Amino acid sequence: MTTAKTNFKIAGVLLIFISLITNCIISYRDYPKIPPIPALEKTYDKNFVYALPTFPQLNLGGREALKDFFENKTQFKKTVEGNEVPKSGYLVNVKVNYRSPSKEAMVFLAISTLTATLLPAWSNQDGYDVEYILYKDGNKVGTYEYHIFRNHAQWLPLAFVSFFNFETATEKEVFERVSLQFFEDAKIHFP
């Protein structure tokens with residue numbers, strides 16, 4: 001009898017855990033899902049240094065996406081992570097600030113979580129403010145700002161449509177695309 005009760009409790013805890021992680025839908029405004037960004041041909045000989053932040057909140061792949069993009073998907077032959085502005089070459093200092101959900105959304109998210117998502121909650125104001133500060137040959141040449149808005153909803157019935165998350169861009173994909181947009185916007189400074 002004791003084994004049956006223990007197994008029942010374990011099954012109940014697993015069921016609650018699975019329902020908590022599968023009844024949430026996250027999407028990023030203005031970033032539909034697209035194929036992965038391919039690496040560009042390495043044609044630039046100048047040094048390229050990039051400085052990455054520690055993410056202010058839970059990192060869902062953004063920092064790794066920035067590192068991978070700068071190391072593997074730019075046109076620079078030599079890239080290195082660091083903080084020193086090179087006398088010859090480029091430095092991109094990336095700053096990431098987390099934008100919290102509104103106070104009202106935080107209250108609803110907390111209540112929803114405490115009730116095992118029996119009550120719905122949503123937010124469409126949180127996300128990130130990303131700033132790329134570009135230095136060329138020791139001089140600051142520009143600052144580029146981008147705003148990433150994330151939509152988040154959680155509610156037990158959403159477990160039935162959680163497959164929708166596979167159709168939306170991930171945080172990693174969004175940060176890659178923002179980096180690609182930065183290179184497009186700053187292309188006048190590159191050789």
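For clarity, every value in this text was computed on a predicted model and none was experimentally measured.
Taking the centre of each ring, F182 and Y146 stay at or above the 6.0 Å mark. The aromatic ring centres of Y128 and F175 sit less than 6.0 Å apart.
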Salt bridge (charged side-chain N to carboxylate O under 4.0 Å, His left out) assessment of K67 paired with E81: CA-CA 8 Å; K67 185 175 180 71; E81 187 171 356; 2.9 Å; yes

Can you list the steps and then say if E176 with D68 is a side-chain contact (heavy atoms from CB on, under 4.5 Å)? CA-CA 9 Å; E176 275 191 348; D68 180 59; 3.7 Å; yes

Before you tell me yes or no, could you show the steps for D129 and E145 under side-chain contact (heavy atoms from CB on, under 4.5 Å), namely the whole-Å CA-CA distance, both residues' side-chain angles and the distance that decides it to 0.1 Å? CA-CA 7 Å; D129 296 318; E145 295 181 14; over 6 Å; no

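Side-chain contact between F108 and L119: absent, with no pair of heavy atoms (C-beta onward) separated by less than 4.5 Å. Contact annotation: the side chain of Y50 never approaches that of F76 to less than 4.5 Å [non-hydrogen atoms, C-beta and beyond]. A heavy-atom distance below 4.5 Å is not found between the side chains of V96 and R63. Side-chain contact between N47 and V80 is absent, with no heavy atoms from C-beta onward closer than 4.5 Å. Side-chain contact between L180 and K73: absent, with no pair of heavy atoms (C-beta onward) separated by less than 4.5 Å. R29 has its side chain within reach of N151: a pair of non-hydrogen atoms, C-beta onward, lies under 4.5 Å apart. For the pair K42 and T74, the minimum side-chain heavy-atom distance is below 4.5 Å. Counting heavy atoms from C-beta outward, E171 and Y28 have side chains that approach closer than 4.5 Å.
Nearest heavy atoms, D126 versus S100: CB-C, 3.7 Å. Shortest non-hydrogen contact noted between S102 and Q125 is N-CB, 4.4 Å. When every heavy atom of A169 is checked against every heavy atom of Y31, the shortest pair comes out as CB-O, 3.3 Å. Of all heavy-atom pairs spanning R99 and I148, the tightest one is NH2-O, 3.2 Å. Smallest separation of non-hydrogen atoms from T115 and S112: OG1-O, 3.1 Å. The two residues C24 and H152 have their closest heavy-atom pair at SG-NE2, 3.2 Å.
Cluster annotation: L52 is connected to Y132 through the hydrophobic network of ILVMFWY side chains, with a link wherever side-chain heavy atoms come within less than 4.5 Å. Follow the hydrophobic side-chain contacts under 4.5 Å out from V130 and you reach Y98 in the same cluster. L134 is not connected to V49 by any chain of hydrophobic side-chain contacts under 4.5 Å among Ile, Leu, Val, Met, Phe, Trp and Tyr, and they are in different clusters. Taking hydrophobic clusters as Ile, Leu, Val, Met, Phe, Trp and Tyr residues chained together by side-chain heavy-atom distances below 4.5 Å, I37 shares a cluster with Y44. At a threshold of 4.5 Å between side-chain heavy atoms, the hydrophobic network of Ile, Leu, Val, Met, Phe, Trp and Tyr places Y144 and L66 in one connected group.
A distance of 10.0 Å separates CG in N139 from NZ in K87, rounded to the nearest 0.5 Å. Rounded to the nearest 0.5 angstrom, R150 CZ and S123 OG are separated by 8.0 Å. The line from CD of E71 to CZ of F48 is 10.5 Å long, rounded to the nearest 0.5 Å. The structure places CZ of R177 at 14.5 Å from NZ of K172, a figure rounded to the nearest 0.5 Å. Between atom CD of residue E184 and atom OG of residue S179 there is a gap of 13.5 Å, rounded to the nearest 0.5 Å. For the atom pair Q154 CD and S162 OG, the distance stands at 13.0 Å (nearest 0.5 Å).
Of the possible donor and acceptor atoms, one in the side chain of E173 sits under 3.5 Å from a partner among the backbone N and O of T170. Checking side-chain atoms of T168 against main-chain N and O of I26 turns up a donor-acceptor pair under 3.5 Å. A distance-only check finds a donor-acceptor pair linking the side chain of W155 to the backbone of L118 [under 3.5 Å].
Applying the salt bridge (Lys or Arg N to Asp or Glu O under 4.0 Å) test to D30 and every residue at least two apart in sequence or in another chain returns nothing.
Tested against K140, the residues I133, V85, L91 include a single side chain to side chain contact (heavy atoms under 4.5 Å, CB included) partner, I133. Residue Y90 forms a ring pair (Phe, Tyr, Trp, His ring centres under 6.0 Å) with just one option from F190, F70, F183, and that option is F190.
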